[in-house]
Colleague: 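This is the structure, below, for whatever I ask next.
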Amino acid sequence: MRDTEESPEEEVADISARLLGWYDRHAREMPWRVGPADRRAGVRPDPYRVWLSEIMLQQTTVAAVRSYFRRFTERWPDVGALAAAEDAEVMAEWAGLGYYARARNLLRGARAVVADHGGRFPETRDGLLTLPGVGPYTAAAVAAIAFDEPATVVDGNVERVVARLFRVETPLPAAKPALTRLAAAITPQERPGDHAQAMMDLGATICTPRKPVCSLCPLGPDCAARRDGLEVELPRKAPKAVKPVREGTLWIAVRADGALLLETRPETGMLGGMLGWPGTDWDRSGGPTDPPIAADWRATGVEVRHTFSHFHLRLSVLLAEVAQEAVPARGSFVPHERFRPSSLPTVMQKAWNVAAAAIRHPRGEARLD
DNA sequence: CACGCGTGGGG
DNA sequence: TCCCCAAGCGT
């Protein structure tokens, strides 16, 4: 081998060094993160906070997570406190963040840590994998960041960075195993947590999906996609299915004392376990289509539009005032003073906004989507 | 293994 | 206005 050629081991070491050097200078500040300087001074992140943040960050942006993380940790500062929380309180606090199965699994996970692990998180990737809601990504991330295990962390950012770095042209998701192997090859034994966070920061700020800023990239000299002008093309992805449009109706009943008729949705399915307005099914499967309570229902005249992960929804919102003695067939009345729209999933908040506007301005028309 | 599962921001 | 996307997991 000539002096000008690097061995694969040397190239891997260079990539790792360049990446960590960049991270030392550009690590983003996050409430759950111990920065590289503090980390090397021996400060260790709290596994509870790392775990909580990683669950929240699944398919969710850092910007969206920040305020939720702050509220959760103020209200439930450790895993024992969270394990002891009421289900409804946790679901209400999660409202608006989406993918509500995460909140149900979060509680199950907290309770498993308390019941099965003496209140301490498992310290290995394999141990963490046994927790509900913790899959390959989250287990590796917590093991690396909180416990210094040189586990390979592969999320959407890492897939993109590695696909470009090594010019992997196989489309996702078929390329995932190969990308995982390549990601493992550049995972260092030292500072694995910082390495993982550096890869994700790089993907989020430099090696972005649409317009990567290769001129600022610490791995520019190493990147095969950039060398070949393929950085925007990679990673290739299988085409996505078109979202169908579905329709439904929500009924919002206001009792004479101002109480509102709400119901807790079934644990499984859309918005599972969340509070919401009674309504029809959204898949026209022939479920109940009767109003939840007898009343003189009137249309608000405003269609609520909302897009979920796999379909568009158009909702009619019906409104009625009901007598104090009225007994609902579904759901239960929540006192006016105890109702907080922020405890509802976003689509239900939109419907409430329409109803509230209709209550304030009976002839008015507003448009929400 | 393919699909179900939210939401908000950016281009 | 739309489409794309974001630190995935469970089934």
Side-chain angles (χ1 to χ4, degrees), chain A residues 27-28 30-33 49-69 91 94-106 108-109 128-142 144-145 151-161 172-174 176-177 180 183 193 195-205 207-212 232 235 237-246 265-274 276 282-283 305-313 342 344-350 367 369:
Chain A
R28 291 194 289 171
M30 300 179 196
W32 50 85
R33 176 178 279 183
R49 294 166 66 89
V50 175
W51 165 76
L52 176 61
S53 68
E54 292 298 347
I55 300 291
M56 288 182 166
L57 286 163
Q58 290 167 6
Q59 296 289 284
T60 308
T61 58
V62 169
V65 163
R66 286 183 188 276
S67 65
Y68 283 85
F69 180 83
M91 300 311 287
W94 195 276
L97 196 56
Y99 284 142
Y100 298 101
R102 293 184 295 172
R104 301 193 300 272
N105 287 329
L106 185 81
R108 292 175 53 210
L128 289 158
L129 265 179
T130 66
L131 298 176
V134 175
Y137 162 76
T138 305
V142 175
I145 296 168
T152 302
V153 175
V154 184
D155 73 333
N157 288 304
V158 174
E159 288 176 352
R160 187 170 57 256
V161 169
L172 284 165
K176 173 105 181 185
T180 299
H195 170 84
Q197 293 174 99
M199 289 286 283
M200 295 187 283
D201 276 17
L202 188 71
T205 62
C207 195
T208 56
R210 310 284 193 102
K211 292 172 40 165
V232 179
K237 296 196 174 182
K240 301 196 172 173
V242 178
K243 291 176 179 167
V245 177
R246 297 183 185 176
R265 300 175 60 85
E267 287 286 305
T268 58
M270 289 296 302
L271 313 179
M274 298 300 291
W282 299 336
D283 52 12
R305 295 187 180 204
H306 191 76
T307 298
F308 292 107
S309 55
H310 55 298
F311 63 93
H312 302 287
L313 181 62
S342 64
L344 302 179
T346 299
V347 65
M348 298 294 175
Q349 292 184 33
K350 287 185 183 179
R367 164 125 189 166
D369 50 22

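Throughout, protein chains are lettered first and strands after them, A, B, ... in sequence-line order, and every chain is numbered starting at 1.
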Colleague: Is A:M30 touching bases, backbone alone, or none of the nucleic acid, heavy atoms closer than 4.0 Å?
Modeller: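 Answer is base: heavy atoms of A:M30 come under 4.0 Å of a base.
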Colleague: Taking atom P in both C:dC9 and B:dG8, compute the distance separating them and give it to the nearest angstrom.
Modeller: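 Pairwise P distance, C:dC9 against B:dG8, rounds to 22 Å.
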Colleague: Among all residues two or more places apart in sequence or in another chain, which pass the ring pair (Phe, Tyr, Trp, His ring centres under 6.0 Å) test with A:F69?
Modeller: A:W32
Colleague: Describe, in one word, how the ring planes of A:H306 and A:F308 are oriented to each other, choosing from parallel (under 30°), tilted (30 to 60°) and perpendicular (over 60°).
Modeller: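 A:H306 and A:F308: perpendicular rings.
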Colleague: Tell me what A:I55 touches on the nucleic acid: a base, only sugar-phosphate, or nothing, going by heavy atoms under 4.0 Å.
Modeller: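 Contact class for A:I55: none.
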Colleague: Classify A:G96 by what it touches in the nucleic acid, base, sugar-phosphate, or nothing, heavy-atom distance under 4.0 Å.
Modeller: sugar-phosphate
Colleague: Strictly distance-based, threshold 3.5 Å: is any side-chain N or O of A:D155 a donor or acceptor partner for the main-chain N or O of A:Y137?
Modeller: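 Between the backbone of A:Y137 and the side chain of A:D155 there is no qualifying donor-acceptor contact (under 3.5 Å).
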Colleague: Measure across A:A139 and A:L129 and return the closest heavy-atom pair with its distance rounded to 0.1 Å.
Modeller: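 For A:A139 and A:L129, the tightest heavy-atom pair comes out as CB-CG, 3.7 Å.
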Colleague: Is a side-chain donor or acceptor of A:R160 paired with a backbone partner of A:G203 at a separation under 3.5 angstrom?
Modeller: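 A pair under 3.5 Å: yes.
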Colleague: For a quick check of understanding: with a heavy-atom distance under 4.0 Å over all strands, which category does A:G203 fall into, base, sugar-phosphate or nothing?
Modeller: nothing
Colleague: Going by the rule salt bridge (Lys or Arg N to Asp or Glu O under 4.0 Å), which residues pair with A:E54 if we only count those two or more places apart in sequence or in a different chain?
Modeller: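 Once residues adjacent in sequence are excluded, A:E54 has no partner under the salt bridge (Lys or Arg N to Asp or Glu O under 4.0 Å) criterion.
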Colleague: Would you please name every residue forming a side chain to side chain donor-acceptor pair (under 3.5 Å) with A:S53, sequence neighbours left out?
Modeller: none
Colleague: Find the runs of at least 3 consecutive base pairs, i with j, i+1 with j-1 and so on, that include DNA chain B, using Watson-Crick or G-U wobble geometry with both distances under 3.5 Å.
Modeller: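 Ordered by first number, the stems with DNA chain B (at least 3 consecutive pairs each) read B:2-5 with C:8-11, B:7-11 with C:2-6.
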Colleague: Could you list the residues that satisfy salt bridge (Lys or Arg N to Asp or Glu O under 4.0 Å) with A:R265, not counting sequence neighbours?
Modeller: none
Colleague: Mapping A:Y99 and A:A63 to their closest nucleotides on DNA chain B, which lands nearer the 5' end?
Modeller: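 Looking at DNA chain B, the more 5' nearest nucleotide goes with A:Y99.
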Colleague: Going by side chain to side chain donor-acceptor pair (under 3.5 Å), name the residues that satisfy it together with A:K176, two or more places apart in sequence or in a different chain.
Modeller: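 Residues passing side chain to side chain donor-acceptor pair (under 3.5 Å) with A:K176: A:E159.
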Colleague: Using the test side chain to side chain donor-acceptor pair (under 3.5 Å), find all partners of A:H310 that sit at least two apart in sequence or belong to another chain.
Modeller: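 If we apply the side chain to side chain donor-acceptor pair (under 3.5 Å) test to A:H310, skipping adjacent residues, there are no hits.
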Colleague: Measure from CE on A:M199 to P on C:dA6 and round the result to the nearest Å.
Modeller: 14 Å
Colleague: Let me know the distance between CD of A:Q197 and P of C:dA6, rounded to the nearest Å.
Modeller: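 Value for this atom pair: 19 Å.
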Colleague: Report yes or no: does A:E267 contribute a side-chain atom to a donor-acceptor pair with the main-chain N or O of A:R104 at less than 3.5 Å?
Modeller: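 Answer holds: no.
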Colleague: Please confirm whether the shortest side-chain N or O distance from A:R160 to OP1 or OP2 of C:dA6 is below 4.0 Å.
Modeller: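 Answer is yes, contact under 4.0 Å.
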Colleague: A:R102: what forms a salt bridge (Lys or Arg N to Asp or Glu O under 4.0 Å) with it, not counting sequence neighbours?
Modeller: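 Counting only residues at least two positions away or on another chain, A:R102 forms no salt bridge (Lys or Arg N to Asp or Glu O under 4.0 Å).
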Colleague: If only atom types and distance count, is the side chain of A:T60 paired as donor or acceptor with the main-chain N or O of A:Q58 below 3.5 Å?
Modeller: yes
Colleague: Under a criterion of less than 4.0 angstrom to any heavy atom of chain A, what are the 5'-terminal and 3'-terminal contacting nucleotides of DNA chain B?
Modeller: B:dG4 to B:dG10
Colleague: Going by the rule salt bridge (Lys or Arg N to Asp or Glu O under 4.0 Å), which residues pair with A:K237 if we only count those two or more places apart in sequence or in a different chain?
Modeller: none
Colleague: Base, sugar-phosphate, or nothing for A:R33, non-hydrogen atoms under 4.0 angstrom?
Modeller: base
Colleague: I'd like a list of close polar pairs between nucleotides 2-4 of chain C and the protein, N/O only, cut-off under 3.5 Å.
Modeller:
unit_1: C:dC4; atom_1: O4'; unit_2: A:R210; atom_2: NH2; d: 3.0

Colleague: Does C:dA6 have OP1 or OP2 under 4.0 Å away from a side-chain N or O of A:Q59?
Modeller: no
Colleague: Name the nucleic acid region contacted by A:S309, choosing base, sugar-phosphate or nothing; use a 4.0 angstrom heavy-atom cut-off, strictly under.
Modeller: base
Colleague: Identify the pairs formed between an N or O of the protein and an N or O of nucleotides 9-11 of chain C at a distance under 3.5 Å, and give each distance.
Modeller:
unit_1: C:dC9; atom_1: OP1; unit_2: A:G135; atom_2: N; d: 2.8
unit_1: C:dC9; atom_1: OP1; unit_2: A:G135; atom_2: O; d: 3.3
unit_1: C:dC9; atom_1: OP1; unit_2: A:T138; atom_2: N; d: 3.0
unit_1: C:dC9; atom_1: OP1; unit_2: A:T138; atom_2: OG1; d: 2.8
unit_1: C:dC9; atom_1: OP2; unit_2: A:P136; atom_2: N; d: 3.4
unit_1: C:dC9; atom_1: OP2; unit_2: A:Y137; atom_2: N; d: 3.2
unit_1: C:dG10; atom_1: OP1; unit_2: A:G133; atom_2: N; d: 2.4

Colleague: Reckon A:M270 touches a base, only the sugar-phosphate, or nothing at all at heavy-atom distances under 4.0 Å?
Modeller: sugar-phosphate
Colleague: Tell me which of A:V347 and A:K211 sits closer to the 5' end of DNA chain B, going by the nucleotide each one is nearest to.
Modeller: A:V347
